[in-house]
**Student:** 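Before we start, here is the structure in question, set down as structure tokens.
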Amino acid sequence: MKAGEAARAVFEAEFGSEPEGCWCAPGRVNLIGEHVDYAGGLCLPIALPQVTTVAMRRRADGRLRIRSSGFDPVDIDLRDRQIDGWAAYVAGVAWALEPPGFAGADIAIASEVPVGAGLSSSAALETAVAVALADLCGLPLDDEGRERLAEACVRAENDYAGAPTGGLDQRIALHGRAGHALLLDFADGTSDHIPFDAGKQGLTVLVVDTGTGHRLADGQYGQRRREVEDATRLLDVGSLREARSAEPIADPLLHRRARHVIGEISRVRQAAESLRAGRIRDLGPLLDASHRSLRDDFEVSCLELDTAVDAAVAAGALGARMVGGGFGGSVIALCEDARVDDVRQAVADAAARRDLPAPAFLRASASGGARRC
Ligand code: GLA
């Protein structure tokens, strides 16, 4: 069953009526540019074909009733500011967006984006809710309108749900385009769609969900953000985007953190150049270098991610790295189509040998952003 139909079915079963419509938004993988969005950096994500869908009908009594199969029902007052858990990603968007004339809704959710896999299920949910509210309440859905929705979703995540994330996930979920990667510039807010069709070149972007849940609302992600801010102050620059080298920083830990950010931004530039020239294979060594930097300098990897990356590369992947915030979640491996089965087998075997959870696999192809469905 498609996600749109699934959300509609939950809606009809739970509320006994038809929704006004269904809207969906994708998960994402970031090809490269990790932990640099909040440092004024560059990121190069693609939107996934897997989407989260919301079915919605407006109410007039100030209530939000939210249903999702597998989760407890949530009934809240729109003015409530103390919502915990997944429903905060829904209520927070209504709070941040303040759509004109909006006075509550019945909402059903169905998702194909694995939760806690580092594939941005929360941003998929936020942005699906945002386009639904925008569409129903007459807010524009052109590029500019979408940028405003992305900003509201980031506020919802930072100030309402309490996850201090940087904006990469919401922007790709809203602006993603089929067959393209999106070069996002967090220094000036611009973006550029770059053709990216790995399949045409006989390549696969294999996503390995290690089955180890990651959490962004816990301390580690916020800790890294603070370290980046400290390094920025020590280098006396507006953001690490302006820094050329971490050399002046004596503190070894902050030195490593800054070295990651500066190196990663330069890798994104090289990756974007390769894609513009149609040389997707050249991403391979950049992915490997990105992973080493995230593992050793930024210290956001973990045994499950390293095991998957090492096994993928040993089995012939052109390059592999962890994606997303880290501390669990997923890995991407760029593979020649002919090697995909070997890589999957090697990654699964390596996890089994170490008694780690059995990984799940999906193929990433650059897909479209949030939309009515
Ligand atoms: C998470 C955050 C993003 C970004 C990545 C790391 O996905 O939500 O804002 O910081 O981690 O690149």
**Student:** Would you say Glu264's side chain and Gly33's backbone share a donor-acceptor pair under 3.5 angstrom?
**Tutor:** yes
**Student:** Is a salt bridge present between Asp61 and Arg59, judged by a nitrogen-to-oxygen distance below 4.0 Å?
**Tutor:** yes
**Student:** If only atom types and distance count, is the side chain of His193 paired as donor or acceptor with the main-chain N or O of Ala181 below 3.5 Å?
**Tutor:** no
**Student:** Using a 3.5 Å distance criterion without hydrogens, assess whether the side chain of Asp288 forms a donor-acceptor pair with backbone atoms of Ala320.
**Tutor:** yes
**Student:** Is atom CG of Asp142 surrounded by more than 12 heavy atoms (other residues, nucleotides or ligands) closer than 6.0 Å?
**Tutor:** yes
**Student:** Any chance you could measure Ile32, atom CD1, to Leu334, atom CG, to the nearest 0.5 Å?
**Tutor:** 11.0 Å
**Student:** Indicate yes or no for a side-chain donor-acceptor contact from Ser121 to the backbone of Val113 under 3.5 Å, with no hydrogens or angles considered.
**Tutor:** no
**Student:** Passes salt bridge (charged side-chain N to carboxylate O under 4.0 Å, His left out), Glu147 versus Arg171? Steps please.
**Tutor:** CA-CA 7 Å; Glu147 193 52 34; Arg171 289 180 76 194; 3.3 Å; yes
**Student:** Taking Thr204's backbone N and O only, do any of them form a donor-acceptor pair with Arg363's side chain (distance below 3.5 Å, no angle check)?
**Tutor:** no
**Student:** About how many Å separate NE2 of His35 and CG of Leu294, when rounded to the nearest 0.5 Å?
**Tutor:** 6.5 Å
**Student:** Does the pair Arg155/Glu151 count as a salt bridge with the N-to-O cut at 4.0 Å?
**Tutor:** no
**Student:** Identify which one of Val129, Leu97, Val93 satisfies the side chain to side chain contact (heavy atoms under 4.5 Å, CB included) criterion when paired with Leu149.
**Tutor:** Leu97
**Student:** Check whether Arg241 reaches the backbone of Val36 with its side chain - one donor and one acceptor, N or O, closer than 3.5 Å.
**Tutor:** no
**Student:** Examine the side chains of Glu34 and His260 and answer whether a donor and an acceptor come within less than 3.5 Å of each other.
**Tutor:** no
**Student:** Do other residues, nucleotides or ligands put more than 12 heavy atoms under 6.0 Å from Asp188 CG?
**Tutor:** yes
**Student:** What's the separation between atom CG in Leu44 and atom OG in Ser274, rounded to the nearest 0.5 Å?
**Tutor:** 10.0 Å
**Student:** Quick one: does Ser293's side chain have a donor or acceptor within less than 3.5 Å of a partner on Ala289's backbone?
**Tutor:** no
**Student:** Tell me which donor-acceptor pairs under 3.5 Å the side chains of residues 11-24 have, and how far apart each pair is, sequence neighbours excluded?
**Tutor:**
residue, atom, partner, partner atom, Å
Glu14, OE1, Arg67, NE, 3.3
Glu20, OE1, Arg58, NE, 3.4
Glu20, OE1, Arg58, NH2, 2.6
Glu20, OE2, Arg58, N, 2.7
Glu20, OE2, Arg58, NE, 3.2
Trp23, NE1, Asp135, OD2, 2.8

**Student:** In plain terms, say whether Arg146 and Asp143 are close enough for a salt bridge, that is, a side-chain N and a carboxylate O under 4.0 Å apart.
**Tutor:** no
**Student:** Measuring from atom OG1 of Thr127 to atom NE2 of His175, what distance do you get when rounded to the nearest 0.5 angstrom?
**Tutor:** 10.5 Å
**Student:** Determine yes or no for a side-chain-to-main-chain donor-acceptor pair under 3.5 angstrom, with Asp106 supplying the side chain and Leu64 the backbone.
**Tutor:** no
**Student:** What closest approach, in Å, do Ile172 and Ile46 show between heavy atoms, and which atom pair accounts for it?
**Tutor:** CG1-C, 3.7 Å
**Student:** Assess whether a salt bridge exists between Arg28 and Asp169, defined as any Lys/Arg side-chain N lying under 4.0 Å from an Asp/Glu carboxylate O.
**Tutor:** yes
**Student:** How many angstroms lie between CG in Leu183 and CG in Leu42, if you round to the nearest 0.5 Å?
**Tutor:** 5.5 Å
**Student:** Is the side chain of Arg225 donor-acceptor paired with the backbone N or O of Thr165 at a distance under 3.5 Å, no angle test?
**Tutor:** yes
**Student:** Between Glu273 and Arg279, does at least one N-O distance fall below 4.0 Å, as a salt bridge requires?
**Tutor:** no
**Student:** Closer than 4.0 angstrom, basic N to acidic O: yes or no for Arg354 and Glu304?
**Tutor:** no
**Student:** Would the number of heavy atoms belonging to other residues, nucleotides or ligands and lying under 6.0 Å from CZ of Arg63 be above 12?
**Tutor:** yes
**Student:** Test Cys335 against every option in Asp341, Asp342, Val205, Val340 by the side chain to side chain contact (heavy atoms under 4.5 Å, CB included) rule and name the one that passes.
**Tutor:** Val340
